[in-house]
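Only heavy atoms go into these numbers, but all of them, side chains included; no hydrogens, no water, no symmetry mates. Keep in mind it's a predicted model, so treat the numbers as computed, not measured.
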Amino acid sequence: MEHFWPSLPYHIPPSQGMKMWWDIFWWIFQIVTMTTIIVLLRTWALREDKDKDQIAEATAPGADSDVKM
């Protein structure tokens with residue numbers, strides 16, 4: 001039963017694993033990065049919607065021609 005599962009042809013030494021601070025740092029980095037991306041995309045989307053609304057209002061029938069885009 002000892003050789004039932006195949007193994008690599010060389011010995012892999014046991015690992016102590018990563019330090020505890022690395023996991024904490026990685027999760028904090030991910031949270032900050034993803035939050036920044038979400039806020040940036042939201043800002044871009046709201047700005048784009050605002051620009052489209054201004055264009056739609058300016059080109060609507062009966063709208064003032066003094067509206068600047």
Side-chain angles (χ1 to χ4, degrees):
M1 193 72 165
E2 184 178 320
H3 298 289
F4 178 75
W5 300 106
S7 62
L8 296 173
Y10 54 90
H11 176 69
I12 299 175
S15 171
Q16 297 298 324
M18 290 189 204
K19 301 290 183 195
M20 182 66 165
W21 65 267
W22 176 251
D23 288 335
I24 295 169
F25 168 78
W26 181 250
W27 282 105
I28 291 172
F29 173 77
Q30 286 293 318
I31 290 169
V32 169
T33 303
M34 294 304 155
T35 302
T36 303
I37 290 172
I38 288 172
V39 169
L40 185 64
L41 291 174
R42 180 183 178 273
T43 303
W44 288 346
L46 291 175
R47 186 180 307 145
E48 195 68 29
D49 287 345
K50 182 179 173 185
D51 292 345
K52 284 184 180 180
D53 288 344
Q54 288 177 348
I55 291 171
E57 288 175 4
T59 59
D64 294 335
S65 59
D66 296 340
V67 177
K68 293 183 181 178
M69 289 185 241

Nearest 0.5 Å, what's the [atom1]-[atom2] distance between [X] and [Y]?
X     : Y     : atom1 : atom2 : answer
Thr59 : Gln54 : OG1   : CD    : 11.5 Å
Leu40 : Thr35 : CG    : OG1   : 12.0 Å
Thr36 : Leu41 : OG1   : CG    : 10.5 Å
Asp53 : Glu57 : CG    : CD    : 6.5 Å

Side chain to side chain contact (heavy atoms under 4.5 Å, CB included) partners for Trp22, two or more places apart: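 Side chain to side chain contact (heavy atoms under 4.5 Å, CB included) check on Trp22 returns Met18, Phe25, Trp26.
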
